[in-house]
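Reading through the structure tokens given below for one structure.
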Amino acid sequence: MIQRIQTLWLLITATCAFISLKLPFYTGNVMENQTTVFKNLTASSSLLINIITVIIGVFAIVFIFLFKNRKRQLWLTFLLFLLTILQIVLLYFQTGSFVQGTWAISILIYIAMPILLILAMRGIYKDEQLVKSVDRLR
């Protein structure tokens, strides 16, 4: 389990998800009660995005232990990939409430999560192909 590369990718994805709860996606000024207030948009800024981010982090760790059923692991990792895309889209729409602002450098963590999940899916798929080729040799 630990020696598989997709375990590393899933573990890094979970770490990025939990780090994204604190690091900003977007920073800028928001109008509140006729005054501008400086705010950071993080994954914990909205309840829905917070829940999605925690689900991404927890499920990425849980999916590591599904190594005996690679087809299910691949399918669920793909669904987790779609969830990370949904998270980024929801965060992007949240930036519309800002009067003025800039993208934070930590946006790279948010973008890294779907990339890491693609790498994990690739590793799971390669493992599945390896097992199929060994079964053919028997």
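The first residue of the sequence shown is numbered 1, and numbering continues consecutively from there. Not measured: the values here are computed from a predicted model.
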### Heavy-atom pair with the smallest gap, counting every atom of S97 and V30
O-CG1, 3.9 Å
### Query
Heavy-atom count around F93 CZ within 6.0 Å, excluding the residue itself: above 12?
no
### Query
Under a single-linkage definition using a 4.5 Å side-chain heavy-atom cutoff for Ile, Leu, Val, Met, Phe, Trp and Tyr, are I51 and I19 assigned to the same hydrophobic cluster?
no
### Task
Would you give the length of the straight line joining atom CG of L119 to atom CD1 of I115, rounded to the nearest 0.5 angstrom?
8.0 Å
### Query
To the nearest 0.5 Å, how far apart are OH in Y125 and CG in L130?
12.5 Å
#### Entry: Side-chain heavy-atom pair F67, Q6 within 4.5 angstrom cut-off
no
### Query
Is a donor on one side and an acceptor on the other found under 3.5 Å between the side chain of Y110 and the backbone of S20?
yes
### Message
Below 30° counts as parallel, above 60° as perpendicular, anything between as tilted: where do the rings of Y26 and W103 land?
### Response
perpendicular
### Query
Do you reckon L108 sits in the same ILVMFWY cluster as F81, going by side-chain contacts under 4.5 Å, direct or chained?
no
### Validation row: S46, L90 side chains within 4.5 angstrom (heavy atoms)
no
#### Entry: Minimum side-chain heavy-atom gap I61-F18 below 4.5 Å
yes
## Note on the structure
When rounded to the nearest 0.5 Å, the distance separating CG of L117 from CD1 of I124 is 9.0 Å
### Task
Taking the side chain as every heavy atom from C-beta outward, state whether L80 and L76 have any pair of such atoms under 4.5 Å apart.
no
### Atom of P24, atom of T27 and distance for their closest heavy-atom approach
CB-CG2, 3.8 Å
### Query
If you round to the nearest 0.5 Å, how far is CZ of F25 from CD of Q87?
8.5 Å
### Message
Quick check: is V99 connected to Y92 through a chain of hydrophobic side chains (ILVMFWY, heavy atoms under 4.5 Å apart)?
### Response
no
### Query
Is there a side-chain contact between F78 and L74, using heavy atoms and a 4.5 Å cut-off?
no
### Query
Just one of L83, T84, L82 clears the side-chain contact (heavy atoms from CB on, under 4.5 Å) bar with P114, so which one?
T84
### Query
Side chains of L21 and V54: does their closest heavy-atom pair fall under 4.5 Å?
yes
### Single-linkage hydrophobic cluster, 4.5 Å side-chain cutoff, I49 and L47 together
yes
### Message
Nearest 0.5 angstrom please: I56 CD1 to M113 CE, how far?
### Response
5.0 Å
### Task
Decide whether I85 and I109 are clustered together by the hydrophobic rule: side chain heavy atoms of Ile, Leu, Val, Met, Phe, Trp, Tyr closer than 4.5 Å, transitively.
no
## Note on the structure
CG of L79 to CZ of F59, rounded to nearest 0.5 Å, is 10.5 Å
### Task
Evaluate the criterion side-chain contact (heavy atoms from CB on, under 4.5 Å) for residue pair Q73 and L10; output intermediate values, then yes/no.
CA-CA 11 Å; Q73 186 183 31; L10 289 170; 4.0 Å; yes
